[in-house]
Asks: 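Below is the structure I would like to discuss, written out as structure tokens.
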Amino acid sequence: MRRVRPGTQASRGGAGSRAAGEERALTSVAAGDRFRGEEPGDTPRLWHVTLSVSGKEAPLPEVRRALEQLAHDHPFFLTSRYAVDHAEIRYWEEARDLHDAAAVALRLWGEHRQTAGLPPWEIVGLEVIDRATYHQRIAEGYGPPPASPVGVHPF
């Protein structure tokens with residue numbers, strides 16, 4: 001695959017290529033301007049995700065094994081709590097914005113259902129907060145306690 005600067009087209013001799021001797025127009029960039037890919041909003045940030053799922057009862061050992069497999073498969077996995085008919089998963093997601101972090105979180109359970117052997121439960125709750133908000137809540141004493149110990153635990 002050939003890489004091309006953003007805003008330019010790859011020349012492959014097609015309709016978009018220049019004729020022999022034709023000069024390419026140059027554009028200037030004012031001092032202090034940034035390339036769009038360097039905008040602060042495009043920089044990945046950490047988001048704390050709490051995903052709640054529930055459904056028909058499943059054997060506790062199977063739920064635990066499935067959540068342990070999910071923890072192995074998913075990076076940034078922090079902790080999960082479970083019972084026979086519901087579970088809560090908490091982890092850090094790296095994403096450009098809240099929309100991206102939430103989209104990944106909403107796909108997590110379904111995409112790993114087969115590979116991890118997760119119960120056929122549905123997502124019933126989702127909270128996505130940025131890192132600063134998470135730490136502010138902890139400092140003020142009203143947020144979820146820091147996940148300790150990390151891992152898979154019964155409610």
Side-chain angles (χ1 to χ4, degrees), residues 1-10 16 27-155:
M1 182 169 130
R2 193 168 153 216
R3 293 186 169 239
V4 179
R5 278 191 208 128
T8 64
Q9 294 181 342
T27 58
S28 63
V29 178
D33 281 357
R34 294 172 160 234
F35 169 64
R36 278 183 294 195
E38 296 174 1
E39 292 298 320
D42 291 341
T43 304
R45 297 176 9 198
L46 282 178
W47 300 88
H48 186 265
V49 176
T50 303
L51 183 70
S52 301
V53 294
S54 70
K56 292 183 179 180
E57 288 189 9
L60 273 180
E62 289 180 25
V63 173
R64 180 180 181 89
R65 187 215 46 78
L67 289 172
E68 287 173 343
Q69 183 63 46
L70 178 62
H72 180 266
D73 294 346
H74 192 271
F76 300 113
F77 189 85
L78 195 56
T79 189
S80 65
R81 301 184 302 168
Y82 65 94
V84 294
D85 62 348
H86 65 284
E88 178 185 270
I89 300 165
R90 294 173 50 202
Y91 65 96
W92 290 99
E93 184 66 58
E94 187 176 76
R96 180 176 50 94
D97 58 23
L98 181 134
H99 297 282
D100 289 350
V104 170
L106 290 170
R107 290 192 312 266
L108 177 72
W109 193 262
E111 288 180 355
H112 290 274
R113 186 174 289 154
Q114 292 292 337
T115 58
L118 297 167
W121 295 343
E122 68 175 329
I123 296 172
V124 295
L126 174 65
E127 180 185 52
V128 180
I129 56 176
D130 69 353
R131 186 176 179 186
T133 303
Y134 175 83
H135 288 295
Q136 179 183 359
R137 286 183 179 181
I138 299 301
E140 292 176 355
Y142 66 87
S148 177
V150 171
V152 177
H153 307 281
F155 269 104

Asks: State, to 0.1 Å, how close T115 and Q69 come at their nearest heavy-atom pair, and which atoms those are.
Replies: O-CG, 4.1 Å
Asks: Does atom CD of Q114 have more than 12 heavy-atom neighbours, drawn from other residues, nucleotides or ligands, at distances under 6.0 Å?
Replies: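 It does not: Q114 CD has 12 such atoms or fewer within range.
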Asks: Within the 4.5 Å heavy-atom criterion, are H72 and E68 side-chain neighbours or not?
Replies: no
Asks: Please examine the side chains of S52 and E127, heavy atoms only from C-beta on, and report whether any two atoms are closer than 4.5 Å.
Replies: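 In short, these two side chains do not touch, never coming nearer than 4.5 Å.
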Asks: If you round to the nearest 0.5 Å, how far is OH of Y82 from CD1 of I89?
Replies: 13.0 Å
Asks: Between A83 and W121, what is the shortest heavy-atom contact and its length?
Replies: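 It is O-CH2, 3.6 Å.
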Asks: Just to verify, what does R81 make a salt bridge (Lys or Arg N to Asp or Glu O under 4.0 Å) with, not counting sequence neighbours?
Replies: E88
Asks: Check R64 against V152 and note the closest heavy-atom contact, atom names and distance.
Replies: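 Shortest heavy-atom contact: NH1-O, 3.0 Å.
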Asks: Supply the atom-to-atom distance R65 CZ to L118 CG, rounded to the nearest 0.5 angstrom.
Replies: 8.0 Å
Asks: According to the interplanar angle, ranging from 0 to 90°, do the rings of W92 and H48 count as parallel (below 30°), tilted (30 to 60°) or perpendicular (above 60°)?
Replies: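 W92 vs H48 ring planes: perpendicular.
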Asks: Could you grab the distance from atom CG of L51 to atom CD1 of I123, nearest 0.5 Å is fine?
Replies: 4.5 Å
Asks: Rounded to the nearest 0.5 Å, what separates atom CD in Q136 from atom CD1 in I129?
Replies: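 One finds 9.5 Å between CD of Q136 and CD1 of I129.
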Asks: Nearest 0.5 Å, what's the CD-CG distance between E111 and L106?
Replies: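 Between E111 CD and L106 CG, I get 10.5 Å after rounding to 0.5 Å.
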Asks: What distance separates Y91 OH from T50 OG1, expressed to the nearest 0.5 Å?
Replies: 9.5 Å
Asks: Any donor-acceptor pair under 3.5 Å linking the side chain of R131 with the backbone of R45?
Replies: no
Asks: Would a 4.5 Å heavy-atom cut-off, applied to side chains only, mark P119 and W109 as touching?
Replies: yes
Asks: What heavy-atom pair brings R113 and P120 nearest, and what distance separates the two atoms?
Replies: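 Shortest heavy-atom separation between R113 and P120 comes out as NE-CA, 3.8 Å.
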Asks: Looking only at non-hydrogen atoms, find the nearest pair between H86 and S54 and report the distance.
Replies: CB-CB, 3.7 Å
